[in-house]
Amino acid sequence: MQAKKVTQQSNHQSGHQSEQQPDTSPDINQRIANRLSSLRAERSMSLDALATKSGVSRSMISLIERGESSPTAVVLDKLSFGLGVTLASFFEEPQPDANPLVRREAQLQWTDPQSGYRRRNISPPHFRSSIQLVEVEFRAGARVSYAAGLREVGIHQQVWILDGSLEIILGDVHHHLESGDCLAMDENNAIVYQNTSKRPVRYVVAINTSSL
């Protein structure tokens, strides 16, 4: 996603909400740290250059690269714009001999320490593909608002609801999605995600990265 001003809020949760704690283990933090450092080096970007492009402070980027900070989804989203990659890129590095098959139990899970939203990387890790699949569980009462994107070329994605309901607002257009519904959109639009129901919603995001 793009560098954008993000606001998040979560209302009181119902008894149906999952109680899983955020995965901010040293292993996950170090994986993110290594990938951020590697992606920045590949682009010959200094800390100052990435800070200017992404809107994330130089000191915060340095802390993340040293594995001393657990970055939120908001921060990773801004950094992904600055580096010209997707958020999922922080969890894996493409390899030429990667296995095209990944079992569910081996799929990486990560929970945003700020919002509590949980994501599972469905696509085989390290496998080179222009398509990325991510499963998300979004808390009851939660709302995430992204300002208009700044990418020169928008990343196309589709959101498919597995269970529950979700409100997605694209600019001035409001979409109410129920289980089984699928919405196609580009990430260079202002986007608001909100779960106004009393239980979590699960959905899959299919991302086309061919424009990157």
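Just so we're clear, the structure is a prediction, and the values are computed from it rather than from any experiment.
Note on ring orientation: taking the six-membered ring where Trp is involved, the planes of Trp110 and Phe91 are tilted (angle from 30° to 60°).
Between the Thr209 side chain and the Ser130 main chain, a donor and an acceptor come within less than 3.5 Å of each other. With hydrogens and angles ignored, the 3.5 Å screen pairs no side-chain donor or acceptor of Thr111 with any backbone N or O of Tyr117. The backbone N or O of Ser89 sits less than 3.5 Å from a side-chain atom of Arg35, completing a donor-acceptor pair. Using modelled atom types, one side-chain atom of Asn195 and one backbone atom of Arg139 make a donor-acceptor pair closer than 3.5 Å. Judged by distance alone, with hydrogens and angles left aside, the side-chain atoms of Ser54 form a donor-acceptor pair with the main-chain N or O of Leu50 at under 3.5 Å. No donor-acceptor distance shorter than 3.5 angstrom exists from the side chain of Asn121 to the backbone of Ser123, with no hydrogens or angles considered.
Side-chain contact between Glu178 and Ile161 is absent, with no heavy atoms from C-beta onward closer than 4.5 Å. The shortest distance between side-chain heavy atoms of Ile169 and Gln194 falls below 4.5 Å. Two residues are said to be in side-chain contact when any heavy atoms from C-beta on lie closer than 4.5 Å; Ile32 and Pro71 meet this criterion. With a 4.5 Å cut-off on side-chain heavy atoms, Leu177 and Val201 do not count as touching. Within the 4.5 Å cutoff, side-chain heavy atoms of Val85 are placed close to those of Ser80. Looking at Arg119 and Val205, their side chains never come closer than 4.5 Å, going by heavy atoms from C-beta outward. Annotation: side chain of Arg31 is not in contact with side chain of Phe90 (no heavy-atom distance under 4.5 Å). Within the 4.5 Å cutoff, no side-chain heavy atoms of Gln109 are placed close to those of Gln107.
Remark: Arg66 CZ to Ser37 OG distance equals 11.5 Å, nearest 0.5 Å. In this structure, CD1 in Ile168 is found 9.5 Å from NE2 in His174, a value given to the nearest 0.5 Å. Separating the CD atom in Gln157 from the CD1 atom in Ile191 is a distance of 5.5 Å, to the nearest 0.5 Å. Distance check: Arg120 CZ to Glu135 CD gives 5.5 Å after rounding to the nearest 0.5 Å. Note that CZ of Arg202 and CG of Asp163 are 5.5 Å apart. Values are rounded to the nearest 0.5 Å. Of the inter-residue distances, the one linking Ser179 atom OG with Leu166 atom CG reads 12.0 Å to the nearest 0.5 angstrom.
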Go through Leu36 and Leu83 one step at a time and tell me if the side-chain contact (heavy atoms from CB on, under 4.5 Å) criterion holds. CA-CA 9 Å; Leu36 174 57; Leu83 293 165; 3.8 Å; yes
Go through the steps for Leu39 and Glu42 under the test side-chain contact (heavy atoms from CB on, under 4.5 Å), then give the verdict. CA-CA 5 Å; Leu39 288 167; Glu42 289 172 7; 4.0 Å; yes
Apply the test side-chain contact (heavy atoms from CB on, under 4.5 Å) to residues Leu87 and Val134: give CA-CA distance (whole Å), side-chain angles for both, the deciding distance (0.1 Å), then the verdict. CA-CA 10 Å; Leu87 193 150; Val134 176; over 6 Å; no
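Looking at every heavy atom in both residues, Ile64 comes nearest to Leu79 through CD1-CD1, 4.1 Å. Nearest heavy-atom pair, Ala184 versus His156, reported as atom, atom and distance to 0.1 Å: CB-CE1, 3.7 Å. Contact between Ser57 and Ala51 at its shortest, heavy atoms only, is C-CB, 4.1 Å. Closest of all the heavy-atom pairs between Ser197 and Ser165 is CB-OG, 3.9 Å. For Arg128 against Pro96, the heavy-atom pair with the smallest separation is NE-N, 4.3 Å. Nearest heavy atoms, Glu92 versus Pro125: OE1-CA, 3.5 Å.
When only modelled atom types and interatomic distance are considered, Ser59 and Ser62 share no side-chain donor-acceptor pair under 3.5 Å. A donor and an acceptor atom, one from each side chain of Ser46 and Asp48, are nowhere located under 3.5 Å apart.
Put simply, Leu47 and Val56 are part of the same group of oily side chains (I, L, V, M, F, W, Y) that touch within less than 4.5 Å, one to the next. Leu108 and Ile122 end up in different hydrophobic clusters when Ile, Leu, Val, Met, Phe, Trp and Tyr side chains are linked at under 4.5 Å. No chain of hydrophobic side-chain contacts below 4.5 Å, direct or via other Ile, Leu, Val, Met, Phe, Trp or Tyr residues, connects Val204 to Phe127. Val159 and Leu162 fall into different hydrophobic clusters, where Ile, Leu, Val, Met, Phe, Trp and Tyr residues are linked whenever their side-chain heavy atoms come under 4.5 Å apart, directly or through other members. A single hydrophobic cluster is not seen to contain both Phe138 and Leu133; linkage of ILVMFWY side chains at heavy-atom distances under 4.5 Å, directly or through other members, places them apart.
By the neighbour-count criterion of 12 heavy atoms within 6.0 Å, atom CE of Met185 is densely surrounded, having more than that number from other residues, nucleotides or ligands. By the 6.0 Å contact criterion, CD1 on Ile131 is open, its count of non-hydrogen atoms from other residues, nucleotides or ligands being 12 or less.
Listed by chain and number, the residues in a side chain to side chain donor-acceptor pair (under 3.5 Å) with Arg43 amount to none (sequence neighbours excluded).
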